A.B. asks: 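Questions regarding the structure given below will be posed in turn.
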Amino acid sequence: MLSLDYIRQNPTLVKAAAKNKNRQVDIDKILKLDEKRRTLILKIQKLREERNLLAKQKVDDNVINRGKQIKENLKMLEKELTAVEQGLNNLLYEVPNPAANDVAIGTDETDNIVVKKYKEPTIFDFKPLDHLDIGEKLEIIDVSTAGKVSGTRFAYLKNEAVILEFALVQFALKILINEGFIPVIPPVLIKKEITDKLGYWQAGGNEDYYWVHEPQESQGLYLVGTAEHSIVPMHMNEVLLEKDMPKRYVGFSSSFRRESGSYGKDTRGILRVHQFDKVEMVSFVIPENGDKEHDYLLSLEEKLFQALQIPYQVVKMCSEDLGFPAARKYDIEAWIPSQNKYREVTSTSTTTDFQARRLNIKYRKKGETQFVHILNGTAFAIGRTIISILENYQQPDGSVIIPEVLRPYTGFEKIAKKS
RNA sequence: GGAAGGGUCGCAUAGUUGGUCUAGUGCGUACGCCUGGAAAGCGUAUGUGGCAGCAAUGCUACCGCGGGUUCGAAUCCCGCCCCUUCCGCCA
C-alpha cells in the first residue's frame with residue numbers, strides 16, 4: 001500500500017507507475033474520496049468535541065437533549081465516513097508498488113535483462129535426459145503414483161531424493177544461520193485477514209491459493225504460497241527497535257500453489273507443482289539499507305548456487321514482470337540441459353515499505369517511527385534445485401553425481417540405478 | 001470439544017457499584033542537575049493514527065477486535081479472536 005499523502009502529492013507518478021505494471025487503478029477517484037473523507041472528519045470531530053464538553057457538564061434536560069441530537073448526527077456522519085473510507089481503502093489496496101527507478105519499463109520477459117552469468121552451460125558428450133526420466137530410472141521421483149493419489153502436478157520424492165532434499169536444507173541453513181539469519185519453521189495456514197494484507201487478492205486470489213475450511217464454515221484458513229507469507233506477518237503491528245535491525249529470518253516450509261492459470265505449461269515432472277518445499281529468506285531493514293539488502297540477498301542466492309557449481313544467469317525483471325508488491329526483482333535461472341535453456345530457480349524482491357505499510361511494521365529511530373523495508377529471497381526451492389542437480393550432474397550410465405558440498409550431508413557421492 | 005480465568009499507552013501492573021481515567025504507578029528509555037568521572041539520587045520528558053495549521057499547537061480516535069446500550073463506557077450487554085489453567089482427545 002502507498003501512503004495517501006504520497007499519492008496526493010504525486011498523482012501523475014503513481015498513475016504512470018501503475019500503467020508500467022499494467023494495473024488498472026482509478027487515482028482520481030482516490031483523490032476525490034480522500035477529499036470527501038476529510039470534510040466528513042472535520043464535521044465529526046467538531047461534534048465529538050461538543051459531546052465531550054457536554055459530558056463534563058452537570059446533567060440537565062438541555063444537556064440530554066443536545067446530547068441526543070449529537071448522537072443522531074454522529075451516527076449518520078460516521079456511517080457515511082465508514083463507507084467512504086472503505087471505498088477508499090479498497091481502491092488504495094489496488095494500487096501497486098511502483099517499480100524502482102533502476103528497473104526497466106517493459107511488458108514481458110523479453111524486456112527482462114540478463115545482468116550476470118555464472119559458468120558456461122553444461123556440455124555432454126551424450127544426449128542428456130530430462131529430470132523426470134532420470135528421476136524415474138533412479139526411482140527417486142514418482143509422479144504417476146502421485147497422480148493416482150493426489151492428481152496432476154504432485155510428486156513423490158523417494159530414496160536418495162529425500163536425503164538430497166534434507167541435505168540441501170541443512171546446507172542452506174548452515175550458511176544462512178552463520179550469516180545471522182534466525183531459523184524458523186512457520187505455519188503454512190494463515191488467516192484471511194493476513195491474506196488481505198499480504199495482497200493475495202491482488203496477486204491472483206483463488207486462482208493462486210488454496211483455501212482450507214470446515215464443510216459448513218465460511219471463514220477458514222489459507223495455505224501459504226511461500227514461507228514469506230507467514231514469516232513477514234510475524235511482526236505485524238509491531239515497532240521494532242533500531243538496535244535489533246536488520247532482522248533476518250530463514251524459513252523452511254512447504255509452499256502451495258494452485259497454478260490454475262498455467263494449464264498445459266510445464267506439465268512434465270516436478271518443475272511446476274502444487275506443493276513443494278522451500279528454504280526462504282526474509283529481511284526487515286531500515287529504509288536506507290533496502291537496496292543494499294537486496295544486493296545482499298542476491299549475493300547469498302548466488303553463493304548457494306555457486307557452491308553447487310551449477311551454471312546460471314541472473315535476470316533483472318522489467319516493470320510488468322515484478323508482480324504487485326515488488327519494486328525490484330532478480331531471478332536466478334539455472335541451466336536446464338534437457339530444455340537447452342535457463343529456468344527460474346530463485347527469486348528475490350524488495351517490497352520497499354509497501355508490505356510494511358499494509359502490515360503496519362515499523363521501527364523506532366530516536367523517538368520517531370518509520371516503516372521498515374521488507375525483502376524476500378529464495379535460498380533453495382527444493383524441487384527445482386533437485387532438477388538442476390539431476391540434469392547438470394547426470395552421467396552417461398544414468399547415474400547422478402552429488403555436488404561435493406552436499407556430500408557431508410547426504411553420506412553418498414552418487415545416485416545409481418537400483419540393481 | 002467441555003469448564004474456569006484473563007487480554008490496559010515498549011515491559012510489568014492499577015483501574016469493573018458508568019462521569020473526578022483524554023488512563024495512575026513501577027521498570028525501561030531520553031535529556032538535565034549533581035560528580036574529577038561514573039553509579040546512586042533528584043528533576044523533566046517519554047504511545048500510535050487521523051484532521052486542521054507555515055509553525056507553536058489544538059482537536060479527535062484508540063484500554064484484544066467488531067457491534068450495542070447511554071446525555072456520557074477501559075468500566076455494562078452481545079458476537080468473535082487470542083492467551084493461561086484444568087478435563088477430554090491426540091502425533
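FYI, side chains are in, hydrogens and waters are out, and symmetry mates aren't considered; it's all heavy atoms of this structure. From a predicted model like this one, the values you see are computed outputs, not experimental measurements. By convention in this document, chain letters (A, B, ...) are assigned in the order of the sequence lines, proteins followed by strands, and residues within each chain are numbered from 1.
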A.B. asks: Is A/T378 reaching over with its side chain to a backbone N or O of A/S347, donor-acceptor style, under 3.5 angstrom?
C.D. replies: yes
A.B. asks: So what's B/U69 paired with, Watson-Crick or G-U wobble, going by both distances under 3.5 Å?
C.D. replies: none
A.B. asks: Only pairs under 3.5 Å count here: list side-chain donor-acceptor contacts from residues 163-184 of chain A, not counting sequence neighbours, and write none if there are none.
C.D. replies:
from, atom 1, to, atom 2, distance (Å)
A/E179, OE1, A/Y296, OH, 2.5

A.B. asks: Just checking A/I41: base, sugar-phosphate only, or nothing, at a heavy-atom cut-off of under 4.0 Å?
C.D. replies: sugar-phosphate
A.B. asks: B/G50 P sits how many Å from A/K43 NZ, rounded?
C.D. replies: 22 Å
A.B. asks: Is any side-chain N or O of A/K362 closer than 4.0 Å to OP1 or OP2 of B/G49?
C.D. replies: yes
A.B. asks: Does B/A40 have a Watson-Crick or wobble mate here (both distances under 3.5 Å), and if so which one?
C.D. replies: none
A.B. asks: Do the side chains of A/E160 and A/K418 get close enough for a salt bridge, i.e. N-O under 4.0 angstrom?
C.D. replies: yes
A.B. asks: Return the value, rounded to whole Å, for the distance between atom CG of A/D60 and atom C1' of B/G19.
C.D. replies: 15 Å
A.B. asks: How do A/V239 and A/E49 order along RNA chain B: which one's closest nucleotide is nearer the 5' end?
C.D. replies: A/V239
A.B. asks: Provide the Watson-Crick or G-U wobble partner of B/G5, both distances under 3.5 Å; none if there is no partner.
C.D. replies: B/C83
A.B. asks: Should B/C63 form a Watson-Crick or G-U wobble pair with both distances under 3.5 Å, which nucleotide is its partner?
C.D. replies: none
A.B. asks: Across all strands, who's sitting opposite B/U35 as a Watson-Crick or G-U wobble pair, both distances under 3.5 Å?
C.D. replies: none
A.B. asks: With C1' as the reference atom in both, quote the distance from B/C65 to B/A14 in angstrom, rounded to an integer.
C.D. replies: 24 Å
A.B. asks: If you measure from the C1' atom in B/G6 to the same atom in B/U75, how many Å do you get, rounded?
C.D. replies: 16 Å
A.B. asks: Could you let me know what B/C89 is paired to, Watson-Crick or G-U wobble, both distances under 3.5 Å, or none if it's on its own?
C.D. replies: none
A.B. asks: Expressed as a whole number of Å, how far does the P atom of B/A39 sit from that of B/C33?
C.D. replies: 14 Å
A.B. asks: Give the rounded distance in Å between these two atoms: CZ of A/R51 and C1' of B/G19.
C.D. replies: 13 Å
A.B. asks: If you find the nucleotide of RNA chain B closest to A/K56 and the one closest to A/E50, which residue's nucleotide is nearer the 5' end?
C.D. replies: A/K56
A.B. asks: To the nearest angstrom, how far is A/I194 atom CD1 from B/C82 atom C1'?
C.D. replies: 13 Å
A.B. asks: Among A/I401, A/L406, A/I134, A/I402, whose side-chain contact (heavy atoms from CB on, under 4.5 Å) with A/I389 holds?
C.D. replies: A/L406
A.B. asks: Contact class for A/R66 (heavy atom, under 4.0 Å): base, sugar-phosphate, or nothing?
C.D. replies: nothing
A.B. asks: The side chain of A/Q45 lies closest to which of these nucleotides: B/A61, B/A52, B/G50?
C.D. replies: B/G50
A.B. asks: Less than 4.0 angstrom between a side-chain N/O of A/N52 and OP1 or OP2 of B/U60, yes or no?
C.D. replies: yes
A.B. asks: Quick one: does A/N10's side chain have a donor or acceptor within less than 3.5 Å of a partner on A/L13's backbone?
C.D. replies: no
A.B. asks: Taking any strand in view, what nucleotide pairs with B/U22 in a Watson-Crick or G-U wobble way, both distances under 3.5 Å?
C.D. replies: none
A.B. asks: Write down the distance separating the P atoms in B/G66 and B/A74, rounded off to the nearest Å.
C.D. replies: 14 Å
A.B. asks: Could you state the atom-to-atom distance from CG of A/L74 to C1' of B/G68 in whole Å?
C.D. replies: 16 Å
A.B. asks: Hey, does the side chain of A/K71 come within less than 4.0 Å of B/G72's phosphate (OP1/OP2), counting only N and O?
C.D. replies: yes
A.B. asks: Holding to salt bridge (charged side-chain N to carboxylate O under 4.0 Å, His left out), I want the full list of residues that pass it with A/D102, two or more places apart in sequence or in another chain.
C.D. replies: A/K316, A/R328
A.B. asks: Let's test this: given Watson-Crick or G-U wobble pairing with both distances under 3.5 Å, identify the partner of B/U16.
C.D. replies: none
A.B. asks: Could you tell me how far B/G32 sits from B/C11 if I compare only their P atoms? Round to whole Å.
C.D. replies: 27 Å
A.B. asks: Whole angstrom is fine here: how far is it from CG in A/D196 over to P in B/C65?
C.D. replies: 18 Å
A.B. asks: Starting at atom CG of A/L4, determine the distance to atom C1' of B/C51, rounded to an integer number of angstrom.
C.D. replies: 13 Å
A.B. asks: Is it true that, when you exclude A/Q9 itself, more than 12 heavy atoms of the residues, nucleotides or ligands shown sit nearer than 6.0 Å to its CD?
C.D. replies: yes
A.B. asks: Atom NZ of A/K75 and atom P of B/G68: how far apart are they, to the nearest Å?
C.D. replies: 7 Å
A.B. asks: Which nucleotide, B/C51, B/C71, B/C82, lies nearest any side-chain atom of A/K191?
C.D. replies: B/C82
A.B. asks: Is A/R37 near enough to B/C51 that one of its side-chain N or O atoms lies under 4.0 angstrom from OP1 or OP2?
C.D. replies: yes
A.B. asks: Mind checking the P distance from B/G64 to B/A73? Whole angstroms is fine.
C.D. replies: 16 Å
A.B. asks: State whether A/R38 places a side-chain N or O below 4.0 Å from either non-bridging phosphate oxygen (OP1 or OP2) of B/G53.
C.D. replies: no
A.B. asks: Write down the distance separating the P atoms in B/U60 and B/U22, rounded off to the nearest Å.
C.D. replies: 11 Å
A.B. asks: Below 30° counts as parallel, above 60° as perpendicular, anything between as tilted: where do the rings of A/H274 and A/F154 land?
C.D. replies: tilted
A.B. asks: Would you measure the distance from the P atom in B/G28 across to the matching atom in B/A23 and give it in whole Å?
C.D. replies: 23 Å
